[in-house]
Amino acid sequence: MRFIVSTSVLLKQLQSVNGASSSSTVLPILENFLFEIKDNILTISATDLQTSMVTFMQVESKEEGRIAVPAKILLDTLKTLPDQPIAFTVDPSTFAIEISAGDGKYKLSGENADDFPKIPVVDNASSVSISASVLAESINKTIFAVSNDELRPAMTGVYCHLTPQNTTFVGTDAHKLVRYRRTDIRSEVETSMILPKKALSLLKASLPSEDVDVSIEYNSTSAFFKFGNIHLICRLIDERYPDYEAVIPTVNPNKLSIDRLLLLNSLRRVVIYANKTTHQVRLRIVGSELNISSEDLDFSNEAHERLSCQFEGDDMEIGFNAKFLIEMLNNLDCEEVQLEMSTSNRAGLLTPISSDENEDVLMLVMPVMLNTQA
């Protein structure tokens with residue numbers, strides 16, 4: 001089996017699917033790309049058994065064949081080569097691979113393609129189409145809130161609930177929660193799934209900048225994303241998602257409205273002086289004045305800032321983990337935000353004051369207990 005391809009084109013395709021491969025000690029074959037040639041089309045696959053990515057490209061070849069190629073050594077070689085034609089020659093009996101590029105020859109050992117896991121196919125699938133920009137926005141708005149706690153597997157992914165009216169994406173780690181709803185994504189049949197964080201991170205990284213449509217097919221076990229010459233297949237998290245609506249407080253008489261960047265930059269400064277474990281900041285709202293303060297008693301560090309804001313409700317004091325607030329404000333792109341609160345021990349709701357008519361964003365952050373001293 002022999003084929004010729006451009007180094008830069010091949011490198012770009014390999015990098016687009018490399019994130020799905022795994023450095024598995026149990027199954028060393030997962031450290032390889034699967035190359036398959038048929039009718040001058042090279043199909044490249046990578047998988048970690050949970051998430052698989054496939055891409056296709058045109059090559060010059062008179063033969064058909066399959067081989068598993070070690071991913072790291074191939075990528076490291078291509079990164080150092082200039083843009084030029086490169087020839088691969090594979091001995092199907094020994095799986096030896098010879099790469100010829102300009103004046104260089106490189107030999108490496110491949111593996112039997114038959115040992116490479118089969119890339120799953122999504123059978124009996126329902127489908128929905130989403131534009132790449134809307135999908136990227138939905139991932140960006142929710143993925144940062146997802147938990148890394150393997151003991152609560154349902155929370156390690158983004159919950160996606162499709163209905164004929166809208167689609168809701170939810171991410172939570174029990175300290176913060178984001179509910180992101182789109183009215184421009186609809187499904188004929190109501191369904192829900194939990195998409196794993198790794199698959200969404202790979203998807204986000206490989207979505208094209210131009211606004212193409214992404215076709216999503218899904219059944220009860222897997223989801224299949226298709227756009228351009230890239231396919232991503234992931235196994236869904238088979239768990240029951242917590243009842244997130246139950247934790248969103250409905251009566252929040254205290255409403256604080258403030259410039260998003262003003263609040264964000266203030267929190268970034270004040271948190272420097274906060275306790276390095278809790279990142280606790282204190283928000284004290286009196287009239288139309290917001291006082292943000294933090295302290296680290298171990299090092300006698302403290303910071304205070306005063307901001308003007310609009311506030312409806314009773315004067316109050318509440319503590320939050322500043323890192324969570326900063327993450328949330330970073331992931332909003334409006335000018336002004338509203339923080340709705342009821343009491344100092346109930347969750348606060350952060351929402352944009354103006355947003356796209358097709359989207360509804362709600363971010364919830366749990367308070368932290370304040371010590372009594374001011």
Side-chain angles (χ1 to χ4, degrees), residues 131 133-145 158 161 165-172 175-185 244-245 247-271 279 281-293 305-368:
S131 77
S133 61
V134 169
L135 183 57
E137 186 71 3
S138 306
I139 296 171
N140 282 333
K141 284 276 197 293
T142 49
I143 198 167
F144 76 92
V158 169
H161 184 203
Q165 292 78 38
N166 56 43
T167 294
T168 305
F169 299 88
V170 182
T172 185
H175 301 290
K176 56 186 182 291
L177 178 146
V178 180
R179 187 191 70 195
Y180 183 68
R181 191 166 281 155
R182 297 283 319 192
T183 53
D184 52 357
I185 308 172
Y244 66 90
E245 292 284 3
V247 300
I248 300 174
T250 48
V251 181
N252 303 290
N254 301 316
K255 295 179 169 57
L256 165 78
S257 303
I258 192 164
D259 181 284
R260 180 180 69 89
L261 287 175
L262 188 70
L263 178 59
L264 176 59
N265 290 326
S266 177
L267 286 167
R268 280 178 174 152
R269 289 187 293 270
V270 172
V271 75
H279 309 294
V281 293
R282 182 188 297 260
L283 307 189
R284 196 155 150 263
I285 311 146
V286 181
S288 59
E289 198 171 88
L290 167 64
N291 290 282
I292 304 178
S293 61
E305 286 205 16
R306 195 169 66 223
L307 306 175
S308 56
C309 64
Q310 286 178 296
F311 184 64
E312 296 169 32
D314 301 327
D315 294 354
M316 69 178 295
E317 195 167 41
I318 189 167
F320 289 115
N321 179 323
K323 291 282 184 197
F324 296 158
L325 281 178
I326 288 168
E327 268 185 315
M328 290 177 166
L329 291 164
N330 254 333
N331 282 282
L332 289 170
D333 35 28
C334 53
E335 283 190 19
E336 279 195 286
V337 291
Q338 184 170 69
L339 182 61
E340 297 180 34
M341 298 158 289
S342 54
T343 59
S344 60
N345 60 356
R346 299 287 306 277
L349 300 182
L350 189 68
T351 52
I353 283 182
S354 62
S355 66
D356 181 334
E357 60 182 24
N358 288 317
E359 67 173 19
D360 168 24
V361 192
L362 181 143
M363 298 185 173
L364 175 149
V365 58
M366 296 303 289
V368 290

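The first residue of the sequence shown is numbered 1, and numbering continues consecutively from there. No experiment lies behind these values; they were computed from the predicted model shown.
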Distance from [X] atom [atom1] to [Y] atom [atom2], nearest 0.5 Å?
X    : Y    : atom1 : atom2 : result
Q338 : N252 : CD    : CG    : 9.5 Å
I318 : R284 : CD1   : CZ    : 14.5 Å
I185 : T167 : CD1   : OG1   : 5.0 Å
I248 : M363 : CD1   : CE    : 12.5 Å
L283 : L256 : CG    : CG    : 8.0 Å
F144 : N330 : CZ    : CG    : 9.0 Å

- Walk me through it: do V170 and V178 pass the test side chain to side chain contact (heavy atoms under 4.5 Å, CB included)? CA-CA 6 Å; V170 182; V178 180; over 6 Å; no
- Kindly write out the residues that satisfy ring pair (Phe, Tyr, Trp, His ring centres under 6.0 Å) with F324, not counting sequence neighbours, or none if the list is empty.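 H175.
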For a 4.5 angstrom cut-off between non-hydrogen side-chain atoms, does [X] reach [Y]?
X    : Y    : result
L364 : P249 : yes
R182 : V134 : yes
M316 : V286 : no
S288 : F311 : no
V158 : I139 : no
I258 : L290 : yes
Y244 : L177 : yes

Least distance between heavy atoms, [X] atom then [Y] atom:
X    : Y    : result
L262 : S308 : CD2-O, 4.5 Å
F320 : M366 : CD2-O, 3.7 Å
T183 : N166 : CA-CB, 4.0 Å

- Item | Which residues share a side chain to side chain contact (heavy atoms under 4.5 Å, CB included) with S266, sequence neighbours left out | R269, V270, I292, E305, L307
- Step-by-step side chain to side chain contact (heavy atoms under 4.5 Å, CB included) determination, N331 to E137: CA-CA 10 Å; N331 282 282; E137 186 71 3; over 6 Å; no
- Among pairs that include at least one residue of residues 249-264, which meet salt bridge (charged side-chain N to carboxylate O under 4.0 Å, His left out), considering only residues two or more places apart or in two chains? none
- Message: Surrounding CD of E289 (heavy atoms of other residues, nucleotides or ligands, distance under 6.0 Å), is the total greater than 12?
- Response: yes
- Task: Taking salt bridge (charged side-chain N to carboxylate O under 4.0 Å, His left out) as the test, write out the residues that go with E245, two or more places apart.
- Result: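 Partners of E245 by the salt bridge (charged side-chain N to carboxylate O under 4.0 Å, His left out) criterion, ordered by chain and then number, come out as R179, R181.
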- Message: List the residues meeting salt bridge (charged side-chain N to carboxylate O under 4.0 Å, His left out) with E336, not counting sequence neighbours, and say none if there are none.
- Response: none
- Message: Can a donor-acceptor pair be found, under 3.5 Å and without considering hydrogens, that links the side chain of T142 to the backbone of F169?
- Response: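 No, T142 side chain to F169 backbone: no donor-acceptor pair under 3.5 Å.
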- Before giving the answer on side chain to side chain contact (heavy atoms under 4.5 Å, CB included), spell out for V337 and S257 the whole-Å C-alpha distance, their side-chain angles and the decisive distance to 0.1 Å. CA-CA 6 Å; V337 291; S257 303; over 6 Å; no
Residues 341-352, side-chain donor-acceptor partners within the protein, below 3.5 Å, at least two apart:
residue	atom	partner	partner atom	Å
T343	OG1	N345	OD1	2.7

- Task: Could you please spell out the steps behind the side chain to side chain contact (heavy atoms under 4.5 Å, CB included) verdict for L263 and R268?
- Result: CA-CA 9 Å; L263 178 59; R268 280 178 174 152; over 6 Å; no
- Item | Residues E327, K323: salt bridge by 4.0 Å N-O rule |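 Looking at K323 together with E327, the answer is no, because their closest N to O distance does not fall below 4.0 Å.
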